[in-house]
Amino acid sequence: MSANSHLPRIALIGISGYGRIHLQLARECRDRGEAAIVAATVINPQEEAENVAELRARGCAIYGDHEEMLRAWGGRIDLCMIPTGINWHARMTIAALRAGANVLVEKPLAGSLADGMAMRAAERESGRFVAVGFQDLYEPGTLWLKEQLRTGAIGGLQSVRFLGVWPRDRSYFTRNDWAGRTEVNGVPVLDSPLNNAFGHFVMLSQYFASPERHAAAAAELDKVELWRAHDIPSFDTAVVAAHTPQGVNLWFGVSHACRETIEPEIAIQGSAGTAFWRYENESCVVAADGGRQCRPMPDTGETRRTMMAAVLRRLRDESVAICGVDLAVQHTRLIETLHRFAPVNEFPPEAVKWAGGPAGALPEVTGLAPALRRAFEQRSTLAGAGFALALRAPVR
């Protein structure tokens with residue numbers, strides 16, 4: 001942080017869409033006297049007229065282009081917040097680092113491993129840091145559970161499984177130019193439930209599976225089933241079985257093609273007990289004798305605030321833990337590998353029931369939600385759980 005100012009200077013690239021969440025985080029810090037918002041890139045000022053007026057009234061300079069903003073404020077930004085589309089993460093992060101700013105970039109790290117490595121190289125060259133918006137990795141309840149696993153509270157780690165089902169209608173995939181896409185104008189995106197909505201919990205699973213204090217485990221794929229009901233290039237449903245170099249089995253099951261909601265849950269099996277992490281609920285360790293220790297998990301809004309506070313502390317204290325590039329790149333590596341590992345299967349039209357109007361139609365694949373539950377409990381593929389459509393499709 002600059003020695004010439006007692007307040008960290010924040011700049012934002014984007015204040016619309018998910019950018020509204022980052023703007024609110026920055027405003028809360030500003031209003032508490034913890035930081036100053038000095039600049040923002042707004043490419044749609046007419047749509048954001050009220051926010052632009054408020055920011056300008058509080059001394060924030062507004063720009064129509066992020067490169068122009070970074071040139072004007074080179075060396076004078078302490079933290080650049082980047083809540084943009086996946087295809088912009090690497091380019092904007094590297095530009096901000098070269099302008100002398102530390103960065104908080106929204107998850108995932110990048111759309112490709114090559115982009116992630118370029119971000120890491122730019123970070124090291126600049127001497128600044130990159131924090132990635134996997135907010136749960138900053139939460140005390142998550143950190144407590146990780147330490148319990150590391151110190152053998154449930155014995156040797158054997159498996160980490162994650163299940164989550166969130167309905168998404170057609171409008172979810174038409175809200176921008178990258179949703180459901182694998183690339184945009186030649187830039188990798190690899191958008192999917194595993195890389196976007198449920199990317200948080202894939203990252204958490206890799207984090208819990210690593211024996212190191214602040215690291216994520218690499219994942220070697222064993223079997224992968226990728227499906228789509230929506231008209232998208234990527235997939236909206238997946239079951240992935242993998243393992244870590246240490247022999248911990250990983251399993252992920254996700255879908256946006258059901259009307260039932262299954263809130264994210266991570267189940268962890270050890271040789272002497274179990275543990276679990278439940279979204280906006282609790283994290284718990286259950287010993288073999290039935291003894292139970294739990295910590296509450298706050299809602300996502302509070303978790304994001306915890307993340308923001310940690311990133312601001314990191315500006316003045318290098319010992320503060322953040323989700324950095326080296327941690328987040330393991331998630332990017334896994335996502336890129338699975339796209340190469342298996343083809344995406346189409347759910348047959350007769351197996352998908354649509355409800356609602358054309359723009360907001362919501363799919364339901366017959367029998368998919370209970371099949372995902374069975375596969376989660378059995379640690380199997382959809383085919384192994386008896387899902388009829390999967391039995392007729394190839395499994396890699």
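This chain uses plain numbering: 1 for the first residue, then up along the sequence.
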Taking Arg181 as the fixed residue, which of Ser234, Pro233, Ser192 is the one that meets the side-chain contact (heavy atoms from CB on, under 4.5 Å) rule?
-> Pro233
Arg150/Glu212 salt bridge by N-O under 4.0 Å criterion = no
Hey, could you give me the CD/OG1 distance between Glu139 and Thr303, rounded to the nearest 0.5 Å?
-> 4.5 Å
Which residues satisfy the salt bridge (Lys or Arg N to Asp or Glu O under 4.0 Å) test with Arg292, sequence neighbours excluded?
-> Glu282
Glu68 CD: over 12 foreign heavy atoms closer than 6.0 Å | yes
Could you tell me whether Arg373 and Glu260 make a salt bridge, using a distance below 4.0 angstrom between a side-chain N and a carboxylate O?
-> yes
Hey, what do you get for CD1 (Ile268) to CD (Gln158), rounding to the nearest 0.5 Å?
-> 12.5 Å
Please check if atom CH2 in Trp88 has more than 12 non-hydrogen atoms from other residues, nucleotides or ligands closer than 6.0 Å.
-> no
Do Glu265 and Arg278 meet the salt-bridge criterion of a basic N to acidic O distance under 4.0 Å?
-> yes
Under 3.5 Å side-chain donor-acceptor pair for Tyr279 and Thr300 = yes
Please round to the nearest 0.5 Å and tell me the distance separating atom SG of Cys323 and atom CG of Asp136.
-> 10.0 Å
Just checking, Lys146 and Phe208: is the charged tip under 6.0 Å from the six-membered ring centre and within 45° of the axis?
-> no
Any Lys/Arg nitrogen of Glu346 or Arg228 sitting under 4.0 Å from an Asp/Glu carboxylate oxygen of the other?
-> yes
Ring centers of His331, Phe134 separated by less than 6.0 Å | yes
To the nearest 0.5 Å, tell me how far Arg27 CZ sits from Arg20 CZ.
-> 10.5 Å
Residues, nucleotides or ligands: over 12 heavy atoms within 6.0 Å of Asp31 CG = yes
Is the closest basic N to carboxylate O distance between Asp326 and Arg120 below 4.0 Å?
-> yes
Is the number of heavy atoms from other residues, nucleotides or ligands within 6.0 Å of CG (Asp289) greater than 12?
-> yes
Could I get the full list of side-chain contact (heavy atoms from CB on, under 4.5 Å) partners for Ala219, not counting sequence neighbours?
-> Gln206, Ala242, Leu250, Leu334
Side-chain ion pair, Arg98 and Glu125, N-O less than 4.0 Å | no
For residues 32-39, dump all side-chain donor-acceptor pairs below 3.5 Å to protein atoms at least two apart in sequence or in another chain.
unit_1	atom_1	unit_2	atom_2	d
Arg32	NE	Glu34	OE1	3.3
Arg32	NE	Glu34	OE2	3.0
Arg32	NH2	Glu34	OE1	3.1

Arg175 charged N/C atom sitting above Tyr172 aromatic ring, 6.0 Å / 45° = yes
Applying the side-chain hydrogen bond (donor to acceptor under 3.5 Å, both in side chains) test to Asp191, which of Thr182, Asn196, Asn87, Asn176 qualifies?
-> Asn196
Atom NZ in Lys107, atom CE in Met203: separation rounded to 0.5 Å?
-> 12.5 Å
Report the distance from atom CG of Leu137 to atom CG of Leu143, rounding to the nearest 0.5 Å.
-> 8.0 Å
Parallel, tilted or perpendicular: ring planes of Phe201 versus Phe162, cut at 30 and 60 degrees | tilted
Parallel under 30°, tilted from 30 to 60°, perpendicular over 60°: which one fits the rings of Phe235 and His339?
-> tilted
Donor-acceptor pair between Ser16 and Asn44 side chains, under 3.5 angstrom | yes
